[in-house]
Amino acid sequence: QVQLVESGGGLVQAGGSLRLSCAASGGTFRSYFMGWFRQALGKEREFVATFTWTGDNTYYANSVVGRFSISRDDAKNTLYLQMDSLKLDDTAVYYCAAATRPLPYPSSMQGRSYDYWGQGTQVTVSS
């Protein structure tokens, strides 16, 4: 069973950048299919970014295309989310998630497809 711990959140001005990390332990990280989700106060959890079934490309929510970038370093057991040109609407708790099998589209964009979740890290974008 894998444990996931997010970090890197904080308070940033609109237009700024943050890089979130998700450190994995207790499992074979490279075998897990990974994704990022977020949940704003009073709203449902939503998909942010993930990889394709084969792992050679990425998917993004329309709201973050061109601004966010997902990546992973299997040697460091870490998933990343680089967030640039942040907007007020990006304010949310960000969660990383792991699945024990590769997920095809569109399952990879659905939170219920994932098996493990981190505790989340707060990102607050101010004007």
Side-chain angles (χ1 to χ4, degrees):
Q1 181 171 342
V2 66
Q3 290 81 45
L4 305 173
V5 178
E6 301 94 336
S7 62
L11 176 64
V12 62
Q13 286 191 324
S17 298
L18 283 175
R19 187 175 81 156
L20 305 183
S21 298
C22 171
S25 62
T28 305
F29 180 71
R30 65 178 180 275
S31 69
Y32 288 98
F33 186 92
M34 304 296 296
W36 286 100
F37 291 78
R38 68 186 182 185
Q39 186 168 19
L41 190 64
K43 296 185 177 181
E44 294 186 353
R45 181 179 62 195
E46 65 176 3
F47 164 76
V48 175
T50 189
F51 301 91
T52 58
W53 170 281
T54 55
D56 58 354
N57 214 328
T58 51
Y59 288 126
Y60 297 94
N62 289 337
S63 58
V64 307
V65 168
R67 301 188 299 118
F68 289 13
S69 177
I70 186 173
S71 62
R72 63 188 294 166
D73 186 337
D74 289 346
K76 295 183 178 180
N77 294 341
T78 303
L79 177 74
Y80 301 100
L81 184 68
Q82 177 66 42
M83 306 187 297
D84 298 320
S85 303
L86 282 161
K87 303 177 180 180
L88 297 180
D89 287 346
D90 295 321
T91 295
V93 178
Y94 284 71
Y95 299 91
C96 64
T100 57
R101 66 226 177 272
L103 297 176
Y105 175 88
S107 296
S108 57
M109 301 171 67
Q110 299 166 345
R112 62 175 181 267
S113 300
Y114 291 79
D115 304 296
Y116 302 102
W117 293 82
Q119 84 290 345
T121 186
Q122 176 71 48
V123 171
T124 303
V125 184
S126 65
S127 58

Distance, nearest 0.5 Å, that separates OG1 of Thr50 from CD1 of Ile70: 5.5 Å
Partner residues of Arg19 under the salt bridge (Lys or Arg N to Asp or Glu O under 4.0 Å) criterion, sequence neighbours left out: none
Spatial distance of atom OG1 (Thr58) from atom CZ (Phe68) [nearest 0.5 Å]: 13.5 Å
Path from Val65 to Leu18 over hydrophobic side-chain contacts below 4.5 Å: yes
Interatomic distance, Gln122 atom CD to Gln39 atom CD [nearest 0.5 angstrom]: 11.0 Å
Any pair counted as disulfide bond (SG atoms under 2.5 Å apart), so long as it reaches residues 98-127, sequence neighbours left out: none
Cluster check Val123, Val5: I/L/V/M/F/W/Y, side chain < 4.5 angstrom: no
Can I get a per-line list of side-chain donor-acceptor pairs under 3.5 Å for residues 28-36, giving both atom names and the distance, sequence neighbours left out?
{"unit_1": "Ser31", "atom_1": "OG", "unit_2": "Thr28", "atom_2": "O", "d": "2.6"}
{"unit_1": "Trp36", "atom_1": "NE1", "unit_2": "Tyr80", "atom_2": "O", "d": "3.0"}

Residue pairs, two or more places apart or on separate chains, that pass side-chain hydrogen bond (donor to acceptor under 3.5 Å, both in side chains) and touch residues 83-96: Ser17-Asp84, Arg38-Asp90, Arg38-Tyr94, Arg67-Asp90, Gln82-Asp84
Partners passing side chain to side chain donor-acceptor pair (under 3.5 Å) against Asn62 (at least two apart in sequence or in another chain): none
Residues forming a salt bridge (Lys or Arg N to Asp or Glu O under 4.0 Å) with Asp73, sequence neighbours excluded: none
Side-chain (Gln1) to main-chain (Gly27) donor-acceptor, under 3.5 angstrom: no
For Gln3, all residues meeting side chain to side chain donor-acceptor pair (under 3.5 Å), sequence neighbours excluded: none
Leu88 atom CG, neighbour heavy-atom count above 12 within 6.0 Å: yes
Pairs satisfying ring pair (Phe, Tyr, Trp, His ring centres under 6.0 Å), at least one member in residues 37-56, at least two apart: Phe37-Phe47, Phe37-Tyr114, Phe37-Trp117
Distance-only check: which donor-acceptor pairs under 3.5 Å involve side-chain atoms of residues 96-109, not counting sequence neighbours?
{"unit_1": "Thr100", "atom_1": "OG1", "unit_2": "Asp115", "atom_2": "OD2", "d": "3.2"}
{"unit_1": "Arg101", "atom_1": "NH1", "unit_2": "Asp115", "atom_2": "OD2", "d": "3.0"}
{"unit_1": "Arg101", "atom_1": "NH2", "unit_2": "Ser113", "atom_2": "O", "d": "3.2"}

Residue pairs passing the salt bridge (charged side-chain N to carboxylate O under 4.0 Å, His left out) test where at least one lies in residues 50-64, sequence neighbours excluded: none
Side chain to side chain contact (heavy atoms under 4.5 Å, CB included) partners of Ala40, counting only residues at least two apart: Lys43, Ala92
Residues which pass salt bridge (Lys or Arg N to Asp or Glu O under 4.0 Å) with Arg45, listed by chain and number, not counting sequence neighbours: none
Heavy-atom closest contact (Leu81 atom, Ala49 atom, distance): CD1-CB, 4.2 Å
Gap between atom CG of Leu20 and atom OG of Ser7 - 0.5 Å precision: 8.0 Å
